[in-house]
Amino acid sequence: MNNRSSRIVGGIVALTILTAVATVSIVAARGAGPSAQATSGGISLDAGPRLVARSTASGSDGRLISVSAGDPAGKRTVSSLSCARVYAAGGTGLCLRIDSGLTTYQLVVLDAHLKTIREIPLVGVPNRARVSPSGRMVAWTVFVAGDSYNGGRFSTRVGILDTHTQELIPTLEDWAVTKAGQPYRAHDLNFWGVTFAPDDRHFYATMSTAGHRYLVMGDMATHRLQALMDNVECPSLSPDGTRIAFKSAHGGDPAHGWRLSVLDLATHKVTPLAETRSVDDQAAWIDTRTVAYAISRGRGQADVWTVPADGTGTPRILIPDAESPAALGTSTPEAR
């Protein structure tokens, strides 16, 4: 097969896979009424002892739900809002959802009462969503296909929006990158999994290049990125700003699965957590001592689990039939 034919076949395969992912996302994002152990009603994103997540339960698939931090496995309130990915903090919500049509998406910025503040079209399939602790900054990641530098396979795009100034960053690929103290340029840069610092200026993300995945720190003021550490994916900054929960590929190869760990930013000490199953998710901090994450258990089904951030304890289910968790209160009690 010649190079031109290889590229065409690769593009067709990538498009087929992307369409399949979109179809699964669409099916998962559509719901039809609340689940049996749920009540319909208004959901507030204001700070408080509650968690929000995306339901994967039968009858409420894709709906935004709210549960009590004291009893997260108990009765849930189900909203009418459907999202493929969701996150909330500081009274701001971010919903990545289906737009009109079968394979198009949009991001929706929400206020504390789920009123739409802004809508932006998305090119690609939603993958990650994050909001800064203050609620000012929102970020998202989507899968796209067909980049020439990537052999027609999947690539990722990160977007960032400042909800105060309305500054929109559609991609990080044109930002200046520093690696090992030197300017770094490459045609294969991919970024995903943003997490914001409390100052609303700095953030962390994953950068992929030359077969490696790096933790990078970004600066909204200078539009610069600095590579900090190899084999760190989907970072999540702790509420006190001192640690990052992340997933790392076993042996540096994602084909072998991922291990959930915590990085101390001051000492660079890495602590593997007690969760030994492969975690393909961006963890969320429930409080300064606990992280939560989704574990899939079949097509369109998942549960939110929790584990101590110091490497002790054992994993426990936090919210059954759910994913994309976010804690709305900084003093949220730990899951029992």
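Remember, it's a predicted structure, so these values are computed and weren't measured experimentally. Scope of the values below: all heavy atoms of this structure, side chains included, with no hydrogens, waters or symmetry mates. One-based numbering along the sequence shown.
For Tyr204, there are no ring pair (Phe, Tyr, Trp, His ring centres under 6.0 Å) partners at least two apart in sequence or on another chain. With sequence neighbours excluded, the residues forming a side-chain contact (heavy atoms from CB on, under 4.5 Å) with Ser208 are Asn190, Trp192, Arg213, listed by chain and number. Remark: Gln182 engages no residue in a side chain to side chain donor-acceptor pair (under 3.5 Å) (not counting sequence neighbours). Taking Asp162 as the reference, Arg136 meet the salt bridge (Lys or Arg N to Asp or Glu O under 4.0 Å) condition, with sequence neighbours excluded. Take Asp219 and apply the salt bridge (Lys or Arg N to Asp or Glu O under 4.0 Å) test, not counting sequence neighbours, and it matches Arg201. Evaluation of the side chain to side chain donor-acceptor pair (under 3.5 Å) rule for Thr242 yields Asp240 as partners, not counting sequence neighbours. Here Arg130 pairs with nothing under the salt bridge (Lys or Arg N to Asp or Glu O under 4.0 Å) rule; sequence neighbours left out. Looking at residues two or more places apart in sequence or on another chain, you find no side chain to side chain donor-acceptor pair (under 3.5 Å) involving Arg259. Checked against side-chain contact (heavy atoms from CB on, under 4.5 Å), Ser44 has the following partners two or more places apart in sequence or in another chain: Asp46, Arg50. Scanning for salt bridge (Lys or Arg N to Asp or Glu O under 4.0 Å) contacts around Asp200 gives an empty result, with sequence neighbours left out. The side chain to side chain donor-acceptor pair (under 3.5 Å) test applied to Asn231 returns no partner, not counting sequence neighbours.
If you check the side chains of Asp71 and Ser68, you find no donor sitting under 3.5 Å from an acceptor. A side-chain donor from one of Tyr184 and Thr209 sits under 3.5 Å from a side-chain acceptor of the other. A donor and an acceptor atom, one from each side chain of Glu233 and Trp258, are located under 3.5 Å apart.
Minimum interatomic distance between Gly193 and Pro235 (heavy atoms only, all atoms of both residues): O-CD, 3.2 Å. Residues Ala88 and Leu45 share a closest heavy-atom pair of CB-CD2, 4.0 Å. Nearest approach of Trp285 to Leu237, heavy atoms of both residues: CD1-O, 3.4 Å. Shortest non-hydrogen contact noted between Pro308 and Thr314 is CD-O, 4.4 Å. Counting all heavy atoms, side chain and backbone alike, Leu318 lies closest to Ala292 at CD2-CB, 4.1 Å. Taking every heavy atom of both residues into account, Tyr214 and Ala227 meet most closely at CB-CB, 4.5 Å.
Not a single donor-acceptor pair under 3.5 Å links the side chain of Thr156 to the backbone N or O of Phe143. Arg85 places a side-chain N or O within 3.5 Å of a backbone atom of Asn127 that can act as its donor or acceptor partner. Under the 3.5 Å distance criterion, the side-chain polar atoms of Gln282 are matched with a main-chain donor or acceptor of Val194. Listed for the Ser238 side chain is a donor-acceptor partner under 3.5 Å among the backbone atoms of Arg243. Remark: side-chain polar atoms of Thr206 are paired, donor with acceptor, to backbone N or O of Cys234 under 3.5 angstrom. Remark: the backbone N or O of Arg63 is not paired with any side-chain donor or acceptor of Ser55 at under 3.5 angstrom.
The distance from the OH atom of Tyr293 to the CG atom of Asp280 is 13.5 Å, given to the nearest 0.5 Å. Atom CG of Leu51 sits about 7.0 Å away from atom CG of Leu328, to the nearest 0.5 Å. Rounded to the nearest 0.5 Å, atoms CG (Leu81) and CG (Leu110) are 6.0 Å apart. The distance from the CD1 atom of Ile120 to the CG atom of Leu107 is 4.5 Å, given to the nearest 0.5 Å. Interatomic distance, CG of Leu273 versus CG of Leu260, reported as 4.5 Å (0.5 Å rounding). Atom-to-atom distance recorded for Lys179:NZ and Met207:CE is 7.0 Å, nearest 0.5 angstrom.
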Exercise. May I have the step-by-step check of side chain to side chain contact (heavy atoms under 4.5 Å, CB included) for Thr56 and Asp321, ending in yes or no?
Key: CA-CA 5 Å; Thr56 66; Asp321 296 309; 3.9 Å; yes

Exercise. Assess whether side chain to side chain contact (heavy atoms under 4.5 Å, CB included) is satisfied between Leu215 and Phe246, documenting all intermediate values.
Key: CA-CA 9 Å; Leu215 174 69; Phe246 67 97; over 6 Å; no

Exercise. Step by step, work out the side chain to side chain contact (heavy atoms under 4.5 Å, CB included) result for Ile160 and Leu172.
Key: CA-CA 9 Å; Ile160 299 175; Leu172 298 178; 4.2 Å; yes

Quiz item: Could you go step by step and tell me if Arg97 and Glu119 meet the salt bridge (Lys or Arg N to Asp or Glu O under 4.0 Å) rule?
Solution: CA-CA 10 Å; Arg97 71 182 185 186; Glu119 298 176 342; 3.2 Å; yes

Quiz item: Checking side chain to side chain contact (heavy atoms under 4.5 Å, CB included) for the pair Leu265/Ile244: CA distance, chi angles, key distance, verdict?
Solution: CA-CA 7 Å; Leu265 289 171; Ile244 284 179; 3.8 Å; yes

Quiz item: Passes salt bridge (Lys or Arg N to Asp or Glu O under 4.0 Å), Arg316 versus Asp303? Steps please.
Solution: CA-CA 10 Å; Arg316 298 182 180 181; Asp303 301 307; over 6 Å; no

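Linking ILVMFWY residues whenever their side-chain heavy atoms come closer than 4.5 Å, directly or via other members, places Ile98 and Val144 in the same cluster. Hydrophobic clustering, with ILVMFWY side chains joined whenever heavy atoms are under 4.5 angstrom apart, groups Leu228 together with Val270. Put simply, Val216 and Met229 are part of two different groups of oily side chains (I, L, V, M, F, W, Y) that touch within less than 4.5 Å, one to the next. Side-chain heavy atoms closer than 4.5 Å link hydrophobic residues (I, L, V, M, F, W, Y) into clusters, and following such links, possibly through other members, connects Val307 to Ile317. Under the 4.5 Å side-chain heavy-atom criterion for ILVMFWY residues, a single connected hydrophobic cluster contains both Leu168 and Tyr87.
Between Val262 and Asp264 there is no side-chain heavy-atom pair separated by less than 4.5 Å. Residues Val158 and Thr171 fail the side-chain proximity criterion, which asks for heavy atoms closer than 4.5 Å. Between Phe191 and Leu225, some side-chain heavy-atom pair lies under the 4.5 Å cut-off. The shortest distance between side-chain heavy atoms of Val86 and Val52 does not fall below 4.5 Å. Side-chain contact check for Val291 versus Ser236: every heavy-atom pair is 4.5 Å or farther apart.
Pairs of residues two or more places apart, or lying in two chains, that qualify as side-chain hydrogen bond (donor to acceptor under 3.5 Å, both in side chains) and include a residue from residues 220-229 are Glu167-His223.
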